[in-house]
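The next block holds one structure in the form of structure tokens; read it before the comments.
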There are 2 protein chains.
Amino acid sequence: MTKARRKSPVQTISTEPDFCSIELRLRILSRLPFFAGLSPKALEAVNALFVEAGYQPGEVIYTAGSPAERLFVVAEGKVKLLQHAATGNNILLDILAPGEFFGSLAPLKPATYLDSAQAVTPACILSIRSTAFQHVLDQHPELALKTLAILGERLQSANQRVLHLSSLPVERRIACTLLKLGAKLGRRQEEGLLIDVPLSREDLADMTASTPETVSRVMSQFQAGGLIASGRQWVAIVDQAKLQALVGEE
Amino acid sequence: MTKARRKSPVQTISTEPDFCSIELRLRILSRLPFFAGLSPKALEAVNALFVEAGYQPGEVIYTAGSPAERLFVVAEGKVKLLQHAATGNNILLDILAPGEFFGSLAPLKPATYLDSAQAVTPACILSIRSTAFQHVLDQHPELALKTLAILGERLQSANQRVLHLSSLPVERRIACTLLKLGAKLGRRQEEGLLIDVPLSREDLADMTASTPETVSRVMSQFQAGGLIASGRQWVAIVDQAKLQALVGEE
DNA sequence: CGAGACGTTGAACCTATTCAACACTGGTGG
DNA sequence: CCACCAGTGTTGAATAGGTTCAACGTCTCG
């Protein structure tokens, strides 16, 4: 019945090995939470410290365990942040959108990265040495406060995740994860709120501490109930209210 | 066999409704990670902003959901930080030792606390309005960097917890939790490394996303293997190496 | 001394995983 | 251009790890 969905609503405009124009760089930097409110001059100085690099989908930006000496910022595209368990299974910590930072904030703090970063779409990534960034923070104390606020939010988010892993059954965890992804990466579309990133069952399993099979089962059920629409590597939220009700109000 | 353990090695020197002397306050503040390296004069100014309060074991310092407007620091005693799930079960996020802070770093960020804090032992707690603390950070930028570093560590720790919840079986999670507690709150004793805080099976269940029954079973097994010694409300690590081996090297 | 909290142990049950087989899709190379 | 094939998704059945329910023992405190 509600089976025939279109091929893949997620647009993957694959350009050349991604890079961004100077204007884009400055625009991105100025829109970054912590760089907002910086004088144009200071911003240009900061900009000069950043290096840019392009990545193709699936390409690895850094690997857990390698020496952590850079701070990265997503200028264009989406980036997966993942941890690796000894058993071989992965944990997908987050999917970062343009404007978000990752990597090592401070030098020497963790000597090595404890997560890996991988481009999901063609991406342009800016990066700076952690030491250099530390100097920037020294010179612009207001930036440190902004960064503090962001870290605080991430800590909250991580704690909420612990709460969910501890107390919610898979079905709810998946519903919740879909809603979060929708809020962050959603794009209005005829099918509903399309999660605008290639997203496999396994990705969702890695976000919910589950397995691709279980995710598939739950998603089939959601689809039958008209809550979502989904196909190969994509998901759209059709009935957000019902999904929200399922996770239980908070 | 190895059943006869002593009553309760955990000392709970219950004084009057706890308070601390002026010298202790200054000493505590000066030893706080972020206040380290502050001029004595600045430290006294900061000290003046703090208010002190005493708590009895089990007494609640603040509750999740109430307006978040203060930052707290443990001066003396131990404090439980916990989240509450809709299902009624609790998550024990951490047990804080003297010198650690909790509560609200920044005003308005989360309008309300999203965790609760409760004294585990008789405790003396210093606190300051978040707004006031924000001013302190403004005036002493180096403190913001320190705080940033600490938040970073906590974020890492939370992420590691997500990893463990996602990939380790209960037995390992419990072993790991015991080791962490031992490292943080351990006191050398004849029985081994005593975790110097009243700690029930339920507490451990709340730290490992499990149940008191399961914790009891696993702990019995650990005790039979000579890994730990334990009784009512207390645990000591007897063979740290074996316990470490069990969790799997990292 | 009694009562309530804490801890232990057993057995039934249930959720989600695991293993396995099969179907669909899209991209690649012949 | 078509056929093939690897990656992805679906579905079923068996299994296991942990929870739940329940009963009982034990300690501590008032």
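Numbers restart at 1 for each chain; the letters A, B, ... are given by sequence-line order, proteins then strands.
Side-chain nitrogen and oxygen atoms of A:S220 include at least one within less than 4.0 Å of the OP1 or OP2 phosphate oxygen of D:dT11. Contact annotation: A:S210 reaches the phosphate of C:dT17 (side-chain N/O to OP1 or OP2, under 4.0 Å). At C:dT17, one or more side-chain N or O atoms of A:T214 fall inside 4.0 Å of OP1 or OP2 (strictly under the cut-off).
Interface remark: the A:R172 side chain does not form any donor-acceptor pair with the C:dT15 base, using a distance-only criterion of under 3.5 Å. Side-chain atoms of B:R217 stay outside donor-acceptor range of the base of D:dG17, with no qualifying N/O pair under 3.5 Å. Between the side chain of A:R232 and the base of C:dG26, no donor-acceptor pair of N or O atoms lies under 3.5 Å.
Within 4.0 Å (heavy atoms only), B:Q233 reaches sugar-phosphate atoms of the nucleic acid but no base atom. Here A:P212 lies out of heavy-atom contact (under 4.0 Å) with every strand. A:A205 comes within 4.0 angstrom of nothing in the nucleic acid, heavy atoms only.
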Write out a two-atom table: protein N or O, nucleotide N or O from nucleotides 3-5 of chain D, distance below 3.5 Å.
none

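Between the side chains of A:S66 and A:T63, no donor-acceptor pair of N or O atoms lies under 3.5 Å.
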Before giving the answer on salt bridge (Lys or Arg N to Asp or Glu O under 4.0 Å), spell out for B:R154 and B:D94 the whole-Å C-alpha distance, their side-chain angles and the decisive distance to 0.1 Å.
-> CA-CA 10 Å; B:R154 292 197 182 175; B:D94 205 355; 5.9 Å; no
